Asks: 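Pasting a structure here, questions to come.
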Amino acid sequence: MSYSTEVDRKWQKKWEESKLYNFDRDKLDKKLYCLEMFSYPSAAKLHVGHWYNFGLTDCWARMKRMQGYNVFHPQGFDAFGLPAENYAIKTGIHPKDSTLKNVETMEHQLKEMGATFDWDYEILTCSPEYYKWTQWLFLQLYKNGLAYRKNAPVNWCPSCKTVLANEQVIDGSCERCQTEVTKKNLTQWFFKITDYAQELLDCLPGLDWPEKTKKIQTNWIGRSEGAEIEFKAEGKDLSLRVFTTRADTLYGVTYVVLAPENELVDQITAPDYKGKVEEYRNQVKKISEIDRLSTVREKTGVFTGAYAIHPLTGEKVEIWVADYVLAGYGTGCVMAVPAHDERDFEFATKYGLDIIRVIKAENGGEDALPFCDYGVLTNSREFDGTKSEEARISIVKKLEKENKGELKVTYRLRDWLVSRQRYWGAPIPVVYCDKCGVVPVPEAQLPVELPYNVQFTPDGESPLAKCEDFMNTTCPKCGGHARRDSDTLDTFVCSSWYYLRYPDNKNDKEAFNTDWINKMLPVDKYVGGAEHAAMHLLYSRFITKALRDMGYLNFDEPFISLVHQGIILGSDGQKMSKSRGNTVLPDDFIQKYGSDVFRMYLAFGFAYIEGGPWNDDGIKAMDRFAGRVERLVEKIAAEGNESSVNTMGSDEKELNYIRHSTIKSVTADTEQFQFNTAIARLMELTNAIYKYDGLETKNYSLMSDAIRDFLKMLSPFAPHFSEEMWERFGEKTFITNERWPEFDEKALVRDEIELAVQFNGQIRFKINVPSDADNKAIEEIALKDSRSQPYLEGKSVLKVIVVKGRLVNIVVK
RNA sequence: GCGGGCGUGGCGGAAUUGGCAGACGUGCAAGAUUUAGGAUCUUGUGCCGCAUGGCGUGCAGGUUCAAGUCCUGUCGCCCGCACCA
């Protein structure tokens with residue numbers, strides 16, 4: 001039987017019957033938790049991206065397995081979420097029904113992949129057995145002050161008809177549908193991720209993660225060291241606190257600015273100015289978020305008629321309201337130093353406000369205003385002549401003594417908004433009692449089940465709000481009437497802890513058993529798309545740390561080592577999409593070539609972390625390679641031992657050299673997810689065996705050993721096919737259970753090695769030297785070679801550089 | 001605007017981190033086999049040149065015995081951040 005999907009099925013069946021991929025719960029000393037970001041069953045089928053992620057990570061997992069690791073490799077589905085609900089609005093098919101159907105299809109496809117998944121540990125986030133514990137997680141955060149409710153202007157996607165977390169807003173647009181996001185004032189649930197801002201930052205350097213991803217998280221957390229300084233409002237018992245990183249410019253403050261949304265605006269605005277200020281605030285409200293954040297838009301603002309007292313000079317400075325100050329960052333209030341800040345300079349110039357220089361360039365350098373670099377202070381009383389770096393601290397120290405300021409660290413990171421005005425998610429386990437207020441649902445009453453019969457009218461109100469059966473309940477505290485929360489949890493909450501549930505997915509007493517989870521985690525290798533850098537990966541780290549502090553687990557980070565796969569593009573080099581018509585359907589190719597050929601093409605055709613354009617010819621090439629292997633195995637298996645020798649001549653040594661150097665590089669490459677070069681080396685070994693097989697006299701036992709090693713190394717990339725070849729070669733075991741070959745250092749030493757001979761850095765010819773020749777001997781061989789003579793004639797040798805195993809460079813003049 | 005990454009044959013992509021550029025594969029060409037096509041096998045294939053040879057890793061310089069790799073400048077593409085005080 002030549003390789004096809006029939007072979008795939010044959011081995012999938014045998015593997016399943018022998019429970020080959022079941023995780024051994026007793027051998028934890030060599031446990032290895034290998035995880036891919038679980039899939040979202042929105043589209044009915046697996047796409048190439050899933051294959052690229054899951055199939056190739058499985059190559060790595062398989063090698064590890066053969067190296068003796070007890071690999072824990074689970075699969076599951078991130079099954080709540082918007083697309084299923086939007087689909088329901090469009091078609092009338094209930095999210096639960098469409099989701100469960102998609103999951104079934106995808107499970108089937110994942111099984112065809114022939115991966116080492118242990119399906120006993122499967123999880124489905126939309127099942128009550130799972131979201132019961134998502135709700136439990138919410139309650140623990142609530143109990144520990146990490147979940148709270150507040151009214152705030154939040155991001156609203158008019159198309160998805162729900163609020164979004166900051167992380168889900170990309171350039172002012174919805175991460176999912178690209179619709180421009182607006183602001184809405186709503187009372188919503190937040191998780192206090194900001195409590196962990198510093199630790200989330202501090203642990204990054206210790207993680208084996210792509211530097212780019214760590215950078216994204218660093219930027220997102222946005223730590224900024226500065227000071228908070230108090231400006232008293234003139235004639236009022238009120239003070240404005242500003243955050244600044246440039247306290248050294250304090251003497252240059254000529255006005256103070258409040259964000260239009262700042263609550264203090266009402267309190268400080270002088271009566272005569274109220275009308276104008278109100279008008280301005282309304283005007284600002286109409287500006288879209290995208291325009292508001294644009295740096296090219298001209299700044300606008302209005303004077304409040306009020307004055308602030310400069311904390312050091314006691315002078316009066318005007319208080320303005322302006323749209324270039326953001327309400328959500330720092331204190332929503334800024335001290336303006338137009339001489340040394342571009343934004344303040346632009347604003348002050350436009351409105352004719354004072355500009356006072358307080359910083360000069362060091363050593364009389366160029367310092368035209370606005371001069372925003374550090375320098376030396378001037379016009380700053382006793383601080384004149386001090387350097388900015390020192391003054392930004394010492395000025396705050398002075399303020400501190402008078403209780404007018406302090407050093408302060410601010411983060412850009414905001415708390416995580418987790419309420420969603422949507423149906424298809426985990427209900428928030430909280431009720432609102434007329435008498436008792438906000439009451440968490442007791443853990444014994446979980447899960448708060450998501451009702452099935454609900455109307456999906458996309459009108460911006462949570463669908464659950466219209467479901468009276470669900471909404472009306474009794475207060476767990478007083479037994480009186482209460483209403484449930486009509487919102488559901490952001491699906492990122494479900495995915496922020498799923499890696500903790502996998503190892504203990506059947507536990508109905510607790511979310512997970514602490515002792516067990518402490519043995520099984522952290523995840524040793526996590527593989528998934530780079531787009532989750534500031535969302536899922538940040539949330540998961542936060543949840544892990546929060547649960548650690550509550551005593552539910554004892555490790556600091558969920559994912560020790562992270563890899564991002566690249567993106568497979570359409571053959572036109574564009575992102576795959578239905579509208580472009582350039583999508584590649586894995587099923588079609590698998591049907592035609594078999595799942596292993598598909599997997600091998602994905603492994604060979606791209607640098608894993610880069611991805612790249614799909615190419616139909618590439619998969620044909622892998623099909624050819626499989627055929628080449630098959631013919632070779634067939635031929636040598638049929639040939640048997642006749643006319644075999646046992647000697648190790650130069651041909652045998654050469655074959656053995658390639659065999660062992662292949663083991664060395666395939667092992668190293670696969671370890672580092674460099675699957676393309678691993679397969680290239682396997683092709684070279686195939687070519688070498690073919691070449692050796694063409695000889696008259698052969699060492700059969702050496703050749704068949706080489707084939708066996710080859711097949712073992714091939715098996716992570718072509719699991720079904722390799723089993724078939726293994727069997728065809730007369731073996732009775734599963735190749736999947738074989739030990740990964742190890743290279744023999746001695747076989748890597750050749751009798752003779754080839755060196756390039758250079759004259760002044762230019763290669764002229766090659767020489768063969770005994771591999772144990774020392775530098776002196778090599779130099780002599782090179783210089784005495786007849787081909788060297790033309791380059792030596794009439795010249796003197798200045799220097800000879802010998803690079804072992806590489807080249808000889810003769811410098812002549 | 002700021003920060004980071006990348007730029008290598010017709011194409012996908014390699015290059016033990018400063019040491020023979022172009023591994024492996026595709027494509028192309030010639031040949032063998034075949035009734036033919038396909039498949040398979042062999043050989044060649046960075047560019048220029050009949051050739052000795054010369055030129056080659058976006059471009060221009062530099063360091064070095066030696067540079068795809070390091071440094072400076074520059075162009076192009078991609079990514080992240082962006083009124084964060």
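Bear in mind that the values here come from a model prediction, so they are computed numbers and not experimental data. Per chain, numbering begins at 1; letters A, B, ... match sequence-line order.
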Asks: Please state the P separation for the pair G9(B) and G4(B) - nearest whole angstrom.
Replies: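 My reading of the P atoms in G9(B) and G4(B) gives 27 Å.
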
Asks: Can you find a pair of side-chain heavy atoms, one from I568(A) and one from F606(A), that are under 4.5 Å apart?
Replies: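 Yes, their side chains come closer than 4.5 Å.
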
Asks: How would you list, by chain and number, every residue that makes a side chain to side chain donor-acceptor pair (under 3.5 Å) with W416(A), sequence neighbours excluded?
Replies: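 Expected list: D490(A).
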
Asks: Around atom CD of E752(A), are there more than 12 heavy atoms from other residues, nucleotides or ligands closer than 6.0 Å?
Replies: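 Counting other residues, nucleotides and ligands, CD of E752(A) exceeds 12 neighbours.
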
Asks: Identify whether any heavy atom of V811(A) sits under 4.0 Å from a base atom; if not, whether one sits that close to sugar-phosphate; answer base, sugar-phosphate or nothing.
Replies: sugar-phosphate

Asks: Does this structure show an ion pair linking R281(A) with E261(A), if we count only N-O contacts that are shorter than 4.0 Å?
Replies: no

Asks: If we take the C1' atom in both A21(B) and A36(B), what is their distance in whole Å?
Replies: 43 Å

Asks: Using the six-membered ring wherever Trp is involved, compare the ring planes of Y3(A) and F721(A) and label them parallel, tilted or perpendicular (cut-offs 30° and 60°).
Replies: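 Rings of Y3(A) and F721(A): perpendicular, over 60°.
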
Asks: Give me, pair by pair, the N or O atoms of the protein and of nucleotides 10-13 of chain B that are less than 3.5 Å apart, along with how far apart they are.
Replies:
{"from": "G12(B)", "atom 1": "O2'", "to": "G605(A)", "atom 2": "O", "distance (Å)": "2.4"}
{"from": "G13(B)", "atom 1": "OP1", "to": "G611(A)", "atom 2": "O", "distance (Å)": "3.1"}
{"from": "G13(B)", "atom 1": "O3'", "to": "N676(A)", "atom 2": "ND2", "distance (Å)": "3.1"}

Asks: Pick the C1' atom in A82(B) and in G3(B), then give their distance to the nearest Å.
Replies: 11 Å

Asks: Taking the side chain of S224(A) as its heavy atoms from C-beta onward, which of G25(B), A85(B), U26(B) lies nearest to it?
Replies: A85(B)

Asks: Just how far, in rounded Å, is C1' of A85(B) from CG of D323(A)?
Replies: 15 Å

Asks: Polar atom pairs between nucleotides 36-39 of chain B and protein, under 3.5 Å, N or O only, would you list them?
Replies:
none

Asks: Could you tell me whether Y280(A) and W320(A) have their ring centroids closer than 6.0 angstrom?
Replies: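 No, they do not, as the ring centres are separated by 6.0 Å or more.
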
Asks: Please measure how far the P atom in G58(B) lies from the corresponding atom in U69(B), and state the result in whole Å.
Replies: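 The same atom, P, in both gives a distance of 8 Å.
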
Asks: For L326(A), report the nucleic acid contact type (base, sugar-phosphate, nothing); a contact means any heavy atom under 4.0 Å.
Replies: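 Base, at least one base atom sits under 4.0 Å.
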
Asks: Using whole Å, what does the distance between atom P of nucleotide U52(B) and atom CZ of F765(A) come to?
Replies: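 Between P of U52(B) and CZ of F765(A): 17 Å.
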
Asks: Please tell me if R764(A) has a side-chain N or O lying less than 4.0 Å from either OP1 or OP2 of G53(B).
Replies: no

Asks: For V242(A), answer base if it contacts any base atom (sugar-phosphate contacts may also be present), sugar-phosphate if it contacts only those atoms, and nothing otherwise; contact means non-hydrogen atoms under 4.0 Å.
Replies: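 Here V242(A) touches no strand at all.
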
Asks: Tell me every residue that passes salt bridge (Lys or Arg N to Asp or Glu O under 4.0 Å) with R541(A), counting only those two or more places apart in sequence or in another chain.
Replies: E557(A)

Asks: Quantified in whole Å, what is the P atom distance between nucleotide C24(B) and nucleotide G37(B)?
Replies: 29 Å

Asks: Which part of the nucleic acid does E211(A) contact within heavy-atom distance under 4.0 Å: base, sugar-phosphate only, or nothing?
Replies: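 Here E211(A) touches no strand at all.
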
Asks: Taking all non-hydrogen atoms of both residues into account, name the closest pair between F243(A) and G330(A) and its distance.
Replies: CB-CA, 4.3 Å

Asks: Please state how far atom NZ in K799(A) lies from atom P in A66(B), giving the value in whole angstrom units.
Replies: 9 Å

Asks: Could you state the CD1-P distance from I679(A) to A23(B), rounded to the nearest angstrom?
Replies: 18 Å

Asks: Counting side-chain heavy atoms from C-beta on, which of G80(B), A82(B), C24(B) comes nearest to M683(A)?
Replies: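 Ranking G80(B), A82(B), C24(B) by closest atom to the M683(A) side chain puts C24(B) first.
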
Asks: With heavy atoms under 4.0 Å as the rule, sort K766(A) into base, sugar-phosphate or nothing.
Replies: base

Asks: Picking from A85(B), G19(B), C41(B), which would you name as closest to the side chain of R628(A)?
Replies: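 In terms of side-chain proximity for R628(A), the closest of A85(B), G19(B), C41(B) is C41(B).
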
Asks: Could you list, one pair per line, each protein nitrogen or oxygen that sits under 3.5 Å from a nitrogen or oxygen of nucleotides 1-9 of chain B, together with the distance?
Replies:
{"from": "G3(B)", "atom 1": "O2'", "to": "K215(A)", "atom 2": "NZ", "distance (Å)": "2.9"}

Asks: Can you tell me which residue pairs pass the salt bridge (Lys or Arg N to Asp or Glu O under 4.0 Å) test with a partner in residues 601-623 of chain A, sequence neighbours excluded?
Replies: D617(A)-K620(A)

Asks: Taking side chain to side chain donor-acceptor pair (under 3.5 Å) as the definition, give me every residue that meets it alongside E225(A), ordered by chain and number, with sequence neighbours left out.
Replies: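 Applying side chain to side chain donor-acceptor pair (under 3.5 Å) to E225(A) gives R223(A).
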
Asks: Please identify each residue that fulfils salt bridge (Lys or Arg N to Asp or Glu O under 4.0 Å) with K299(A), with sequence neighbours left out.
Replies: E346(A)

Asks: When you get a sec, tell me which of G19(B), C24(B), C83(B) is the closest nucleotide to the side chain of K299(A)?
Replies: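 Per side-chain heavy atoms of K299(A), the pick is C83(B).
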
Asks: Checking A782(A) now: which residues fulfil side-chain contact (heavy atoms from CB on, under 4.5 Å) with it, not counting sequence neighbours?
Replies: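 With sequence neighbours excluded, A782(A) shows a side-chain contact (heavy atoms from CB on, under 4.5 Å) to V757(A), I767(A), V808(A), I810(A), given in chain and number order.
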
Asks: In whole angstrom, give the distance that lies between atom CZ of F675(A) and atom C1' of C24(B).
Replies: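 In whole Å, C24(B) C1' lies 17 Å from F675(A) CZ.
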
Asks: Within the supplied structure, the quantity of interest is the number of heavy atoms (other residues, nucleotides, ligands) at a distance under 6.0 Å from K214(A) NZ; does it exceed 12?
Replies: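 More than 12 within 6.0 Å, yes.
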
Asks: For C47(B) and U57(B), measure between their C1' atoms and round to the nearest Å.
Replies: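 These two C1' atoms come out 13 Å apart once rounded.
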
Asks: So F589(A) and Y593(A), would you call those rings parallel, tilted or perpendicular, with 30° and 60° as cut-offs?
Replies: parallel

Asks: Could you state the CZ-C1' distance from F345(A) to A85(B), rounded to the nearest angstrom?
Replies: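 The answer, rounded to whole Å, is 17 Å.
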
Asks: Using atom C1' in both nucleotides, what's the gap between U8(B) and C59(B) to the nearest angstrom?
Replies: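 My reading of the C1' atoms in U8(B) and C59(B) gives 15 Å.
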
Asks: Would you call U35(B) syn or anti, using the 90° rule around 0?
Replies: anti

Asks: Backbone N or O of G761(A) within a donor-acceptor pair of the N809(A) side chain at under 3.5 Å?
Replies: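 Checked: pair present.
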
Asks: Round to the nearest Å and state the distance from I810(A) atom CD1 to C20(B) atom P.
Replies: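 Going from I810(A) (CD1) to C20(B) (P), I get 16 Å.
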
Asks: Considering only side-chain heavy atoms of Q758(A), which listed nucleotide, A23(B), A85(B), G19(B), is closest?
Replies: G19(B)

Asks: Hunt down any stem RNA chain B takes part in, defined as 3 or more consecutive Watson-Crick or G-U pairs whose two distances are each under 3.5 Å.
Replies: B:1-7 with B:75-81, B:10-12 with B:24-26, B:27-32 with B:40-45, B:46-48 with B:53-55, B:58-62 with B:70-74

Asks: Is G9(B) syn or is it anti, if syn means the base angle is within 90 degrees of 0?
Replies: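 G9(B): syn.
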
Asks: Please determine whether any donor N or O and acceptor N or O are separated by less than 3.5 Å between the side chain of N809(A) and the base of C65(B).
Replies: yes

Asks: Contact class for I801(A) (heavy atom, under 4.0 Å): base, sugar-phosphate, or nothing?
Replies: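 Counting heavy atoms under 4.0 Å across all strands, the contact made by I801(A) includes a base.
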
Asks: From C-beta outward on R412(A), which listed nucleotide comes closest to its side chain: A82(B), C20(B), U26(B)?
Replies: A82(B)

Asks: Could you tell me which residues satisfy salt bridge (Lys or Arg N to Asp or Glu O under 4.0 Å) with E634(A), sequence neighbours excluded, listed by chain and number?
Replies: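 With neighbours one apart ignored, the set is R728(A).
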
Asks: Is the phosphate of A23(B) approached by N687(A) (side-chain N or O, under 4.0 Å from OP1 or OP2)?
Replies: no

Asks: Using whole Å, what does the distance between atom C1' of nucleotide A82(B) and atom CZ of R297(A) come to?
Replies: 15 Å

Asks: Which residues pass the salt bridge (Lys or Arg N to Asp or Glu O under 4.0 Å) test with R246(A), sequence neighbours left out?
Replies: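 With sequence neighbours excluded, R246(A) shows a salt bridge (Lys or Arg N to Asp or Glu O under 4.0 Å) to D248(A), given in chain and number order.
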
Asks: Quantified in whole Å, what is the P atom distance between nucleotide C55(B) and nucleotide G68(B)?
Replies: 13 Å

Asks: If you only use heavy atoms from C-beta on, which nucleotide in A85(B), C65(B), A82(B) is closest to the side chain of T244(A)?
Replies: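 In terms of side-chain proximity for T244(A), the closest of A85(B), C65(B), A82(B) is A85(B).
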
Asks: Using OP1 and OP2 only, check whether a side-chain N or O of Y324(A) sits under 4.0 Å from A85(B).
Replies: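 Answer is no, no contact under 4.0 Å.
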
